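Just below is one structure, and these are the notes that go with it.
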Amino acid sequence: MEMDRVKEVLDTHVPDGRDFDVKPLVPIVEDIMKRATFLGGGAQDQDYADTWEDTAIRSGYTDMPELTYAINKTINEIICNCSSGGDEHFVAIALCRSLSRYAWEDKVAIALAAFAVSYGKFWLVAQLRTTNPLAKSLAVIRELPEIIEHTEALKRKFEAVSNLSKAMLNVTSCIINLKELPIEDIGQSNEWVFLTAHVPTAVYWTVRSIAACSFILNLTALGPEYVDSAAEAWDLNGVAHKLAKIKEDLKEQMNSIKQKIEDKRQDDAYNALVELFKTPNTDNTKILSAVINVKEDQLPLYDGTNKKRASIDILRKKHVLLLISELHIPQEEPSILHQFYTESRQQPTKLDKQYEVVWLPVVDTFSNATDEQFELVQNSMPWYSVHPIMLEPAFIRFIKDVKSFDKTPQLLVLHPRGILPGHNARDMMWVWGNLAFPFTEEREKELWTEATLIELLADSIHQNLLLWADQNRYICLYGGADIEGIRRLTTIMRSVANTARIPLEMLYVGGKNPKESVRKNNSIIQAENLSHILPDLIKIQIFWMRLEIMLKSWGQHGMFVKSDLIQHVGKIICYDKDGEGWALIARGWHEMAKGIDKEVYQCLSKFNEWKDKVVYPDGFVIALDEKLRELHTPHHCNRLILPESSGHIPEKVSCAECGRPMESFFMYRCCTD
């Protein structure tokens, strides 16, 4: 049955190729439907009238004589066909035949607009009959007074007409919107085939519903009993439900097509971005324009130092570090970058080695809380920043897919000529600071081949450390949580230094996760003048994070890193993971000894037994290292834990204590500390 109906509709469809813009009709028809309420005059109607603007002007509807003629012609045909004795199917096919030369969307829009005119006239007369003499006379001819006397009895019937009218409007709107789909972007997809196959059915049931509602309006002149029986026979609510199902099916397929089109657009933008990053450009603003969605005359950058907006042109031909992070960026990340960024600007003689930083926060969802958090972090940064909503989706996909961005912040290097290398400079900045400029892999390899452990450990964590090393003073870095162990170690160190007459400086660096115990230890050490401290716990976190980043860098550049250097770093990390106190003693940039605090204390407490064997100035540390090695039994357990994300895992690693090759294992750890 349904197939036969659709075939009849298809047989009437012979479009001549003309194109009409019928979309502006939709809001006008919608406005008529809203105003044409049963007898009107309610408070809700008045509220709607008070807030309504000229719908025709807002819709963009313009004078189109041919369309107006078609609507007026269809009004007359609806009246004639509904009066000829045929049923709603007969009227629907007759209307489709009359509108045969129009496209599907034009056909249904003209028919609905024609019905809306009749529907609006009917209720306009009903609403004005008591205040307008002309409307009163028209109402009498239409037998409206008798209909109005049966208000309660007919109310549900006219509500059914109103509900069906809304369903007709919704389906019509869907059919018209199909025209706007850029189908050339995805070709003949399954969804598009479904839509084109079901549009004739949707048009048929919409036009048939128009016929049914028109029959109801015409029957009002015969009396309320005819309206009641016709509404029951045609099951208007059932037809409204059918139209609602048709609309949902069309909407689902349209949304699927829209998603495919958007996915294709995003894929094209992503591929273009990847190619752009591979291609040398004349300057870096071309890259920045692809990363940031910049509209005409817009200033997308916020200058954190001068507190004002700026154009991306201010970054032209400069070295730029793109700081990629979530909004909730760990405090130590901007802290260490702030330090090096500020230092670079305090060297006016090295303008060629200055760089700019742009913060690009990645946010999945936006809210008022998101904006507040963004502004809070933004105002704490001295460099440039961009609102997360301005980042191109293709760039966010790029940093997640290509740069493996998860939660750990990244620093992407953008060179003056618009080249975006593949490496993340965050680790380089953490380990080497501004020495790493211009932040290339070649520069990093060069630094690793020249590195010394004290230089790596000392860099920037304490204002005097580098000075002490330059002065060839003896430096003791130590950590641990046991305050009694700290007292024993610092006391014996000072005692031995006085006896040996060596210049000694000690610095407490806590542990990787500085808790309240480290804060208390800092207070006690400072109060009792046991040694120097790092009063800022962020500095302590930075010290330990740098050690782990060194291990990671070794995994990436193992062939360029001195194995003994990284062994010492790994051993210090293992001391901390085991919860043991430890100490590292060095003379300036030169020789070095290390061990757990108990072993160091044990060796130093017997200093009188081996002090005569010390040859100064370098002999003290060498002799202490020998004594510490004597304490190591053949049976020992030494670990070196490399981060899985480090990339390169060396095939052979020698033990820092005995020199033998170490066995390798996989380790899985769950630590909530």
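Treat the numbers as computed from the prediction; the structure is a model and nothing was measured.
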With side chains defined as the heavy atoms from C-beta onward, is the minimum distance between Asp536 and Ile542 less than 4.5 Å? no

* To do: For the pair Asn521 (side chain) and Ala481 (backbone), establish whether a donor and an acceptor sit closer than 3.5 Å, ignoring hydrogens and angles.
  => yes

Next on the checklist: For Asp470, I'd like to know if atom CG has over 12 heavy atoms of other residues, nucleotides or ligands within 6.0 Å.
Outcome noted: yes

Could you go through Gln259 and Asp263, starting from their C-alpha distance and side-chain angles, then the distance that decides it, and tell me whether this counts as side-chain hydrogen bond (donor to acceptor under 3.5 Å, both in side chains)? CA-CA 6 Å; Gln259 187 59 53; Asp263 291 344; 2.8 Å; yes

**Report entry** Any donor-acceptor N/O pair, Trp544 side chain to Val509 backbone, under 3.5 Å
**Finding:** yes

Rounded to the nearest 0.5 angstrom, the CG-OH distance for Leu530 and Tyr478 is 6.0 Å

Are the charged groups of Glu248 and Lys251 less than 4.0 angstrom apart, N to O? no

ask   = If you draw a 6.0 Å radius around CD in Glu180, do more than 12 non-hydrogen atoms from other residues or ligands fall strictly inside?
value = yes

Check your understanding: Going through the distances and angles, do Met545 and Ile336 end up as a side chain to side chain contact (heavy atoms under 4.5 Å, CB included)?
Key -> CA-CA 11 Å; Met545 286 185 70; Ile336 196 165; over 6 Å; no

The reported gap from OG1 in Thr408 to CD1 in Ile329 (rounded to nearest 0.5 angstrom) is 10.5 Å

Requested in this report: Dump the intermediate steps for salt bridge (Lys or Arg N to Asp or Glu O under 4.0 Å) on Arg345 and Glu356, then the final yes or no.
Outcome: CA-CA 10 Å; Arg345 273 154 170 66; Glu356 299 293 347; 2.8 Å; yes

*Carefully, step by step, assess Arg397 and Asp267 under the rule salt bridge (Lys or Arg N to Asp or Glu O under 4.0 Å).*
CA-CA 10 Å; Arg397 177 181 168 186; Asp267 286 344; 2.6 Å; yes

request  = Kindly say whether Leu507 contributes a backbone atom to a donor-acceptor pair with the side chain of Ser531 at under 3.5 angstrom?
outcome  = no

Distance col, row Ile549:CD1 vs Asp427:CG, nearest 0.5 angstrom, shows 5.0 Å

Measure the shortest side-chain to side-chain distance between Phe437 and Trp432 over non-hydrogen atoms and say whether it is less than 4.5 angstrom. no

Practice item. Start with the C-alpha distance between Leu414 and Leu315, add both sets of side-chain angles, then the distance that settles side chain to side chain contact (heavy atoms under 4.5 Å, CB included), and finish with yes or no. Key: CA-CA 10 Å; Leu414 180 59; Leu315 302 174; over 6 Å; no

| query | Does any N or O in the side chain of Ser289 come within less than 3.5 Å of the main-chain N or O of Lys286, such that one atom is a donor and the other an acceptor? | reply | no

Candidate pair Tyr384 and Tyr302, rule ring pair (Phe, Tyr, Trp, His ring centres under 6.0 Å), full reasoning | CA-CA 5 Å; Tyr384 296 104; Tyr302 177 77; 9.1 Å; no

Exercise. Step by step, work out the side chain to side chain contact (heavy atoms under 4.5 Å, CB included) result for Val600 and Ile585.
Key: CA-CA 10 Å; Val600 175; Ile585 301 97; 4.2 Å; yes

*Side-chain touch Val357/Met381, heavy atoms, less than 4.5 angstrom*: no

Within 6.0 angstrom of Gln266 CD, more than 12 heavy atoms from elsewhere: yes

Problem - Exam field: side chain Ser256 to backbone Glu252, donor-acceptor pair closer than 3.5 Å - result: no

(message) Using the rule given for salt bridge (Lys or Arg N to Asp or Glu O under 4.0 Å), can you reason through Asp364 versus Lys400, listing the C-alpha separation, both sets of side-chain angles and the distance that settles it, and then say yes or no?
(response) CA-CA 12 Å; Asp364 294 326; Lys400 289 182 177 181; 3.4 Å; yes

Q) Quick check, are the ring centers of Phe374 and Trp359 under 6.0 angstrom apart? A) yes

Step by step, would you call Asp313 with Arg316 a salt bridge (Lys or Arg N to Asp or Glu O under 4.0 Å)?
CA-CA 5 Å; Asp313 288 335; Arg316 188 184 301 275; 2.8 Å; yes

Practice item. State, with a plain yes or no, whether a side-chain heavy atom of Leu321 is found less than 4.5 Å away from one of Trp383. Key: no

Smallest heavy-atom separation, Val621 atom then Ala586 atom, equals CG2-C, 4.3 Å

| said: Whether the side chain of Asp303 engages the backbone of Arg309 through a donor-acceptor N/O pair (distance < 3.5 Å, no angle test) should be reported. | reply: no

Can you check whether Gln541 reaches Gln331 side chain to side chain, under 4.5 Å on heavy atoms? no

Requested in this report: Can you establish whether the number of heavy atoms outside Lys295 located under 6.0 Å from its atom NZ is more than 12?
Outcome: no

- Answer yes or no: is there a side-chain heavy-atom contact under 4.5 Å between Lys403 and Leu412? yes

Under the side-chain hydrogen bond (donor to acceptor under 3.5 Å, both in side chains) rule, what do Glu333 and Trp430 come out as? Steps first, then yes or no, please. CA-CA 9 Å; Glu333 293 285 347; Trp430 271 79; 3.3 Å; yes

Note to self: Under 6.0 Å between ring centres: does that hold for His319 and Phe439?
What the structure shows: no

Scanning both residues in full, the closest heavy-atom pair of Ile312 with Pro300 reads CG2-CG, 3.7 Å

Nearest heavy-atom contact between Tyr575 and Gly595 is OH-CA, 3.4 Å

Next on the checklist: Whether the side chain of Asn522 engages the backbone of Leu534 through a donor-acceptor N/O pair (distance < 3.5 Å, no angle test) should be reported.
Outcome noted: yes

Arg265 meets the salt bridge (Lys or Arg N to Asp or Glu O under 4.0 Å) criterion, sequence neighbours left out, with Glu262

Here the gap from Glu599 atom CD to Arg629 atom CZ, rounded to the nearest 0.5 Å, amounts to 11.5 Å

- Query: Any donor and acceptor pair, going by atom type alone, linking the side chain of Asn424 with main-chain N or O of Arg426 inside 3.5 Å?
  - Reply: yes

ask   = Hey, does Leu465 have a side-chain heavy atom less than 4.5 Å from the side chain of Leu477?
value = yes

Heavy atoms of Leu489 and Ala583 approach each other most closely as CD2-CB, 3.8 Å

Between Tyr270 and Phe398 the two heavy atoms that sit nearest each other are CE1-CA, 3.5 Å

Q. Taking Thr370 for the side chain and Ser367 for the main chain, is one N or O donor matched with an acceptor at less than 3.5 Å?
A. yes

(request) Mind running side chain to side chain contact (heavy atoms under 4.5 Å, CB included) on Ile292 and Phe395 for me, showing each step along the way? (result) CA-CA 8 Å; Ile292 305 168; Phe395 176 68; over 6 Å; no

To the nearest 0.5 Å, atom CD of Glu548 lies from atom CD1 of Ile572 at 12.5 Å

To the nearest 0.5 Å, atom OG1 of Thr440 lies from atom NZ of Lys445 at 9.0 Å

Review point. Would you call Asp249 and Gln253 a side-chain contact if the rule is heavy atoms closer than 4.5 Å?
Key: no

So salt bridge (Lys or Arg N to Asp or Glu O under 4.0 Å) across residues 370-385, not counting sequence neighbours, yields none

All heavy atoms of Val377 vs all of Leu327, minimum pair found to be CG2-O, 3.7 Å

Taking atom NZ as the centre, does Lys520 end up with more than 12 heavy-atom neighbours from other residues, nucleotides or ligands that are less than 6.0 angstrom away?
no

